[in-house]
Amino acid sequence: MPADVSGADVTLSALSIGALTLTPAFDSATTSYAVTTSNATNTVSATATDPDAGVVITVNGDSVTDGSSVTWEDGTNAVVVTVSNGGSNKTYTVTVTKE
């Protein structure tokens with residue numbers, strides 16, 4: 001990924017999958033997480049540090065609205081959160097395993 005030359009903040013201040021605990025614990029500098037659930041659904045929420053940044057969330061390739069409920073497929077599900085600001089991007093991924 002190219003260096004952020006714009007000075008724009010492309011970090012998240014919060015990332016959550018319902019009340020589940022992300023592994024490792026959320027840190028804006030960490031971009032890869034995992035979580036296991038037996039729930040059929042959870043809400044997916046992401047908040048950019050800079051209110052001017054855009055946040056796009058996809059689950060298994062389908063766009064979802066921030067704060068909406070997502071139905072998990074059995075096995076592995078990919079949650080991808082992309083933060084865009086001033087021409088710079090940063091991607092966070094969460095692997096959700098439904099047991």
Side-chain angles (χ1 to χ4, degrees):
M1 182 163 96
D4 179 9
V5 295
S6 69
D9 189 342
V10 290
T11 61
L12 289 176
S13 61
L15 175 62
S16 65
I17 308 292
L20 303 174
T21 302
L22 297 176
T23 303
F26 177 75
D27 181 294
S28 63
T30 303
T31 58
S32 184
Y33 299 91
V35 68
T36 301
T37 185
S38 58
N39 299 336
T41 63
N42 288 104
T43 56
V44 176
S45 298
T47 304
T49 302
D50 184 338
D52 293 331
V55 176
V56 175
I57 303 170
T58 62
V59 176
N60 297 328
D62 297 323
S63 292
V64 298
T65 304
D66 181 46
S68 65
S69 184
V70 173
T71 300
W72 306 118
E73 297 176 10
D74 287 336
T76 301
N77 297 265
V79 177
V80 178
V81 180
T82 303
V83 183
S84 301
N85 193 0
S88 297
N89 299 303
K90 186 170 190 173
T91 301
Y92 294 81
T93 59
V94 182
T95 301
V96 178
T97 303
K98 180 177 181 262
E99 297 180 328

Testing the basics here: between [X] and [Y], what is the closest heavy-atom pair and its distance to 0.1 Å?
X     : Y     : result
Tyr33 : Thr30 : OH-O, 2.8 Å
Ala48 : Val55 : CB-CG2, 3.7 Å
Ser45 : Asp66 : CA-OD1, 3.1 Å
Ser84 : Val10 : C-CG1, 4.4 Å
Tyr92 : Thr11 : OH-CA, 3.4 Å

| task | Decide whether Val79 and Val64 are clustered together by the hydrophobic rule: side chain heavy atoms of Ile, Leu, Val, Met, Phe, Trp, Tyr closer than 4.5 Å, transitively. | result | yes

| message | Please say yes or no: joined through hydrophobic side-chain contacts below 4.5 Å, possibly via intermediate residues, are Phe26 and Val94 part of one cluster? | response | yes

| query | Residues two or more places apart in sequence or in another chain: which of them pass side-chain hydrogen bond (donor to acceptor under 3.5 Å, both in side chains) with Asn60? | reply | Asn77

| said: Whether the side chain of Thr41 engages the backbone of Ser69 through a donor-acceptor N/O pair (distance < 3.5 Å, no angle test) should be reported. | reply: no

Rounded to the nearest 0.5 Å, what separation is found between the [atom1] atom of [X] and the [atom2] atom of [Y]?
X     : Y     : atom1 : atom2 : value
Ile57 : Asp62 : CD1   : CG    : 13.0 Å
Leu22 : Leu15 : CG    : CG    : 5.5 Å
Thr82 : Lys90 : OG1   : NZ    : 12.0 Å
Thr43 : Ile17 : OG1   : CD1   : 8.0 Å

| request: Keeping to residues at least two apart or across chains, list the salt bridge (charged side-chain N to carboxylate O under 4.0 Å, His left out) pairs with something in residues 69-87. | output: Asp74-Lys98

| said: Quick check: do Asn39 and Leu20 have side-chain heavy atoms less than 4.5 Å from each other? | reply: yes

| Quick one: are Val80 and Thr91 in side-chain contact, heavy atoms under 4.5 Å? | yes

| query | side-chain contact (heavy atoms from CB on, under 4.5 Å) with Asp50: which residues, sequence neighbours excluded? | reply | Asp9, Asp52, Ala53, Asn85

